[in-house]
Asker: 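Here it is, the structure, as structure tokens.
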Amino acid sequence: MRILIFSLVFLSLLSCKKETPFSKKSLQNDSVAVVENVSKDTLKVEKSEPEIFNFQTELCENKGYFDGSKYTREELEGTYKLYFQLGSVMLSTPQVFRLEALQQVRNNKTQILEKLDKDFAEKKNLIENLKIVNIPYWQNIKKQTYESLLKEYEMRKTEVIAFSDPSILLNKKHSKNCDRFVKALNSNETEMVEEWRKLREEMSKRNSDPQRIMNEFESRLNSVDKKDYAVLDLVVFGWGNCANDEISGPFHDEKMIKEFNSLFIKIDSDCDEP
């Protein structure tokens, strides 16, 4: 009986089918197939289309096509501001060419300086936070623009104060070419008039109507307000022009135009007749 039972169990085990495992070779083939499919799908991805940046110049409406993988729109907008909107003159104070304007600046000095401080702070913040393309040429333009702003602010602030108190010029850094005007503005009347006359003579040589310049000088010299006229000329046309020559911002020349245009694949322009 035992023999019969063992025989039946043995036959039962033989009749069971084992599952056939995956072969190593089969798995490798499947992996290769997957990689091939991924590679083919990758090749199917098309190159992205150029992005468009619209901008204005003097007479033209421009459409620039750029590679979005190189620059962002924000960087181009910042670079455009450096190129076209942030010029050599970034701040403004009242122009003083007449005696009435001189008196107005003296009377409203506090308000003028407050506005100048506000404008300066806004421009300074704008330039400091300006995101531009990461190209050495434009990074250097940004640096020059910032330095020019600092010098212009100091010059305009000093000029406004000097109309009322010329002694402020004694403590300011300036080139030797400006010394003569600083000295005259802080000297006695005789020395001031002497330097004033020299300045007018120099101005007349550069003017198309030199006699008018000297006639105007003689008329003002005989005025009861001659000291104020002298201060006006010596500050504006003497020290002011001299100090302004020391403010060297970036040159908006053909090179800058070329550098800006090179940021684009192509530019379509619609221009008005000059």
Side-chain angles (χ1 to χ4, degrees), residues 30-93 95 114-157 244-274:
D30 290 343
S31 298
V32 171
V34 170
V35 171
E36 288 180 349
N37 289 336
V38 171
S39 299
K40 290 178 181 179
D41 290 341
T42 303
L43 292 173
K44 291 179 182 178
V45 177
E46 296 182 359
K47 188 177 180 181
S48 60
E49 292 293 325
E51 297 184 42
I52 296 175
F53 178 73
N54 296 308
F55 62 97
Q56 294 179 326
T57 48
E58 287 89 349
L59 300 172
C60 302
E61 294 286 342
N62 306 283
K63 181 182 291 186
Y65 297 83
F66 69 97
D67 185 347
S69 66
K70 290 184 178 180
Y71 325 112
T72 66
R73 187 175 301 279
E74 184 179 13
E75 289 172 341
L76 284 177
E77 287 175 350
T79 306
Y80 171 69
K81 286 180 179 178
L82 278 180
Y83 161 62
F84 196 71
Q85 295 179 347
L86 292 173
S88 56
V89 178
M90 291 177 279
L91 301 171
S92 64
T93 47
Q95 293 184 327
E114 287 176 352
K115 184 180 183 302
L116 179 63
D117 288 344
K118 182 176 180 292
D119 292 344
F120 167 69
E122 290 175 353
K123 286 287 175 63
K124 181 172 179 288
N125 183 65
L126 171 63
I127 296 173
E128 286 177 335
N129 294 287
L130 204 61
K131 292 184 179 180
I132 63 173
V133 295
N134 189 24
I135 294 176
Y137 173 84
W138 289 108
Q139 294 294 333
N140 187 49
I141 292 296
K142 179 180 178 180
K143 179 182 177 183
Q144 290 181 29
T145 302
Y146 181 77
E147 292 173 349
S148 176
L149 174 70
L150 298 182
K151 292 178 180 179
E152 184 182 350
Y153 166 70
E154 191 61 34
M155 179 264 183
R156 290 185 178 278
K157 181 178 180 179
N244 192 58
D245 288 341
E246 297 178 13
I247 302 175
S248 56
F251 292 105
H252 289 67
D253 52 13
E254 289 296 325
K255 178 173 175 56
M256 183 177 286
I257 296 173
K258 183 178 179 180
E259 290 288 341
F260 185 75
N261 290 345
S262 70
L263 300 175
F264 302 95
I265 300 168
K266 70 170 184 174
I267 299 175
D268 292 334
S269 300
D270 182 13
C271 302
D272 295 330
E273 292 294 331

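Nothing fancy with the numbering, it's 1 onward along the sequence.
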Asker: Please check this pair: side chain of Thr79 against backbone of Glu75, looking for a donor-acceptor N/O pair closer than 3.5 Å.
Answerer: yes

Asker: Do you know which two heavy atoms are closest between His252 and Leu86, and how far apart they sit?
Answerer: NE2-O, 3.6 Å

Asker: Show the nearest heavy-atom pair for residues Gly78 and Leu130, with the distance to one decimal.
Answerer: O-CD2, 3.5 Å

Asker: Can you tell which of Lys63, Arg73, Lys70 makes a salt bridge (charged side-chain N to carboxylate O under 4.0 Å, His left out) with Glu51?
Answerer: Arg73

Asker: If we ignore angles and hydrogens, is there a donor and acceptor under 3.5 Å between the side chains of Asp119 and Tyr153?
Answerer: no

Asker: Closest approach of Ile141 and Pro250, non-hydrogen atoms and distance?
Answerer: CD1-CB, 3.7 Å

Asker: To the nearest 0.5 Å, tell me how far Lys115 NZ sits from Thr93 OG1.
Answerer: 9.5 Å

Asker: Apply salt bridge (charged side-chain N to carboxylate O under 4.0 Å, His left out) to Glu77 and Lys81, showing your working.
Answerer: CA-CA 6 Å; Glu77 287 175 350; Lys81 286 180 179 178; over 6 Å; no

Asker: I need the Ile135 CD1 to Leu263 CG distance, nearest 0.5 Å.
Answerer: 5.0 Å

Asker: For Leu91, is there any backbone N or O sitting under 3.5 Å from a side-chain donor or acceptor partner on Arg156?
Answerer: yes

Asker: To the nearest 0.5 Å, how far apart are SG in Cys60 and CG in Asp268?
Answerer: 11.5 Å

Asker: Roughly how far apart are Phe264 CZ and Asp67 CG, rounded to 0.5 Å?
Answerer: 12.0 Å

Asker: So which atom in Ser248 and which in Lys151 form the shortest heavy-atom distance, rounded to 0.1 Å?
Answerer: OG-NZ, 4.4 Å

Asker: Under the side-chain hydrogen bond (donor to acceptor under 3.5 Å, both in side chains) test, which residues partner Gln139, sequence neighbours left out?
Answerer: none

Asker: Return the minimal non-hydrogen interatomic distance between Met90 and Glu152, and the atom names on each side.
Answerer: N-OE1, 3.1 Å

Asker: Quick check: closest heavy atoms across Ser269 and Asn62, and the distance to 0.1 Å?
Answerer: OG-OD1, 2.6 Å

Asker: As an exercise, state the distance from NZ of Lys143 to CG of Leu82, rounded to the nearest 0.5 Å.
Answerer: 14.5 Å

Asker: With distance as the sole test, does Asp117 use its side chain to make a donor-acceptor pair with the main-chain N or O of Phe120 at under 3.5 Å?
Answerer: no

Asker: Pairs in or reaching into residues 128-147: which pass ring-ring contact (aromatic ring centres under 6.0 Å, His included), with residues at least two apart or in two chains?
Answerer: none

Asker: I'd like to know if the side chain of Ser262 reaches the main chain of Glu259, judged simply by a donor and an acceptor atom lying under 3.5 Å from each other, with no hydrogens or angles considered.
Answerer: yes

Asker: Hey, are Glu122 and Lys118 close enough for a salt bridge, meaning a charged N less than 4.0 Å from a carboxylate O?
Answerer: yes

Asker: Using a cut-off of 6.0 Å, state whether more than 12 heavy atoms not belonging to Gln85 lie near its atom CD.
Answerer: yes

Asker: Does atom CG of Asn129 have more than 12 heavy-atom neighbours, drawn from other residues, nucleotides or ligands, at distances under 6.0 Å?
Answerer: yes

Asker: How far does CG of Asp270 sit from CG of Leu59, to the nearest 0.5 angstrom?
Answerer: 11.0 Å

Asker: Please collect all ring-ring contact (aromatic ring centres under 6.0 Å, His included) contacts where either partner lies in residues 72-92, sequence neighbours excluded, each pair once.
Answerer: Phe55-Tyr80, Tyr80-Phe84, Tyr83-Phe260

Asker: Check the surroundings of atom CD in Glu254: do more than 12 heavy atoms from other residues, nucleotides or ligands lie under 6.0 Å from it?
Answerer: no

